[in-house]
Amino acid sequence: MTAYETIIVDTEGRVGVITLNRPKALNALNTQLMNEVVGAAKAFDADPGIGAIVLTGSEKAFAAGADIKEMSSKTYSDVVSEAFFGAWDDLSRVRTPIIAAVTGYALGGGCELAMLADTIIAGENARFGQPEINLGVIPGIGGSQRLTRAVGKAKAMDLVLTGRQMKADEAERAGLVSRVVPTEEALTVAKEAAATIASKSLISVYLAKEAVNRAFDTTLTEGVRAERSLFYSLFATEDQTEGMAAFVDKREPEFKHR
Ligand SMILES: CC(C)(O)CC(=O)SCCNC(=O)CCNC(=O)[C@H](O)C(C)(C)COP(=O)(O)OP(=O)(O)OC[C@H]1O[C@@H](n2cnc3c(N)ncnc32)[C@H](O)[C@@H]1OP(=O)(O)O
């Protein structure tokens, strides 16, 4: 069992749960927390017993951004030589689907961390924003890119340039979050969605995630070609045989993840 100081790690069946746990600092993302979250996510990803990951915070704050107190004294040479925030990029290489259950503040790096997940389920009290402009900087964990892809240029410019906060209902209309639910239900709904994903064939889940992500970094023609190739490859798996046989036999499939 790995001991963590800034997160709580748990499993429920085939679902891994990572809870940010720096309540006094509204889950501000310091270097230790970054390394712990990334380490826990990678450990879940390496575990074939885990089929989906839920990432969450507290009711008041998913995360109020990068730790401004840690960041405030850094110089240009510090951030370059440390490759500051670089470890967060590892989350985008996790193949196991990650669902962010967001309640409260998801600001700056908090919003960027939620967007590093594959989908976001928000409580009604969630507040999203990229307020870095108020600190004399800009987003640094992919916010200018992922937010723009999620909500389009007009709203991304609005949020990044004004630093204003966006409520959950606006975030849902804009396409940033997949569902808004009562605040106290957000974690439960996220865990249920994760359990549903974890009940599928892990191989098809990996390839489904890869196919959707292709849409963000290639042309439509190349993306459709990549999807077709991934689709064909699934006909080499036992789970495709089982999944289709189960439908024909009118029974539930028993996936073996191979
Ligand atoms: C990663 C990059 C490059 O994209 C950059 C960033 O992420 S920059 C950070 C962006 N986030 C912010 O600018 C939000 C900063 N926080 C706030 O504006 C407020 O805390 C709030 C609106 C989220 C909540 O306000 P309130 O309820 O009044 O609580 P506070 O008293 O302000 O906060 C409680 C406690 O938490 C500490 N805190 C909050 N946010 C951070 C943070 N981002 N970094 C470090 N510490 C944070 C705050 O200082 C308070 O602690 P004490 O000072 O009382 O010990």
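Read the numbers this way: they start at 1 and go in the same order the structure lists the ligands and their atoms. Given the structure is predicted, the values throughout are model-derived calculations rather than measurements.
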Q: What residue and heavy atom of the protein are closest to atom 29 (O) of ligand 1, and at what distance?
A: Leu26 CD1, 3.8 Å

Q: Check whether any protein heavy atom sits under 4.0 Å from atom 31 (O) of ligand 1.
A: no

Q: Among protein heavy atoms, which sits nearest to atom 35 (C) of ligand 1, and what does the distance come to when rounded to 0.1 Å?
A: Lys24 O, 3.2 Å

Q: So, Thr75 and Asp78: side-chain donor and acceptor under 3.5 Å apart, yes or no?
A: yes

Q: So, regarding Gln165 and ligand 1 (criterion: nitrogen or oxygen to nitrogen or oxygen, under 3.5 Å), is there a contact or not?
A: no

Q: Considering only heavy atoms, does Ala66 approach ligand 1 within less than 4.0 Å through its side chain, its backbone, both, or neither?
A: both

Q: Quick test of your reading of the model: are Arg93 and Asp90 salt-bridged, counting only N-O distances below 4.0 Å?
A: yes

Q: Protein heavy atom under 4.0 angstrom of atom 54 (O) of ligand 1, is there one?
A: no

Q: Show your reasoning for whether side-chain contact (heavy atoms from CB on, under 4.5 Å) applies to Ile138 and Gln130.
A: CA-CA 8 Å; Ile138 66 170; Gln130 298 292 159; over 6 Å; no

Q: Compare Ala64, Ala106, Ala61 and give the one whose heavy atom is closest to atom 12 (C) of ligand 1.
A: Ala64

Q: Quiz question: by atom type and distance under 3.5 Å, do the side chains of Gln32 and Thr6 form a donor-acceptor pair?
A: no

Q: May I have the step-by-step check of side-chain contact (heavy atoms from CB on, under 4.5 Å) for Phe44 and Ile98, ending in yes or no?
A: CA-CA 10 Å; Phe44 279 143; Ile98 303 176; over 6 Å; no

Q: Is Gln130 close to ligand 1, meaning an N/O of one under 3.5 Å from an N/O of the other?
A: no

Q: Looking at Glu36 and Glu5, would you say the former's side chain and the latter's main chain have a donor-acceptor pair under 3.5 Å?
A: yes

Q: Could you find the nearest protein heavy atom to atom 18 (O) of ligand 1 and give me its residue, atom name and distance?
A: Leu107 CD1, 4.8 Å

